[in-house]
Amino acid sequence: MEITIEVYKALEGLYVNQIVSNKYELEAHERKNVREKNAQFAERLDELKVSWTIQNQVAYAGTKSENWERYNRDVINEVIEKYNN
């Protein structure tokens, strides 16, 4: 699949949202906002025909503390290279 700027930005949004959700202590209303935003990212990525595998792997990468200090683009590009058949 072609990774357009729009696809990349949606993946990056999902990734950063996962980092925020996992790295910081959030209050209940903030956690709710994260869940709502994740649903919006998933819906948009579905519209853009991004595979569930890529979506899930990007989201999972955002939960891993070893990725939090890395450049977003490096982590996302690694996932895309590995799973974009």
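For clarity, every value in this text was computed on a predicted model and none was experimentally measured.
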Between [Y] and [X], is there a side-chain heavy-atom distance shorter than 4.5 Å?
X     : Y     : result
Glu78 : Gln57 : no
Tyr15 : Asn67 : yes
Tyr60 : Val79 : no
Leu48 : Arg44 : yes
Met1  : Val7  : yes

Return the [atom1] to [atom2] distance between [X] and [Y], rounded to the nearest 0.5 Å.
X     : Y     : atom1 : atom2 : value
Leu45 : Trp52 : CG    : CH2   : 9.0 Å
Asn17 : Glu12 : CG    : CD    : 12.0 Å
Ile54 : Leu11 : CD1   : CG    : 7.0 Å

Looking at every non-hydrogen atom in both residues, tell me the closest pair between [X] and [Y] and how far apart they are.
X     : Y     : answer
Tyr8  : Ile80 : CD1-CD1, 4.4 Å
Leu26 : Val20 : CD1-O, 4.0 Å
Glu27 : Glu30 : N-OE1, 2.7 Å
Thr63 : Trp68 : O-CZ2, 3.7 Å

Q | Cationic N near anionic O, under 4.0 Å, Glu36 to Lys32 | A |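 Looking at Glu36 and Lys32, the cut-off is met.
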
Q) Would you call Lys9-Glu6 a salt bridge at under 4.0 Å N-O? A)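 The answer is no: the pair does not qualify as a salt bridge.
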
(Q) Ignoring hydrogens and geometry beyond distance, is a side-chain donor-acceptor pair present between Arg35 and Asn38 at under 3.5 Å? (A) no

(Q) Quick check on Glu2: does its CD atom have over 12 non-hydrogen neighbours (other residues, nucleotides or ligands) under 6.0 Å away? (A) no

Q.
Is it the case that over 12 heavy atoms from other parts of the model lie below 6.0 angstrom from the CD atom of Glu43?
A.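 Not more than 12 within 6.0 Å, no.
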
Q) Taking Arg73 as the fixed residue, which of Asn77, Val75, Ile76 is the one that meets the side-chain contact (heavy atoms from CB on, under 4.5 Å) rule? A)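 The passing option is Asn77.
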
Q | Pairing residues for Ala59 by the side-chain contact (heavy atoms from CB on, under 4.5 Å) criterion, not counting sequence neighbours | A | Leu14, Gln18

Q | Residues in side chain to side chain donor-acceptor pair (under 3.5 Å) contact with Lys23, at least two apart in sequence or another chain | A |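 Partners of Lys23 by the side chain to side chain donor-acceptor pair (under 3.5 Å) criterion, ordered by chain and then number, come out as Glu69.
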
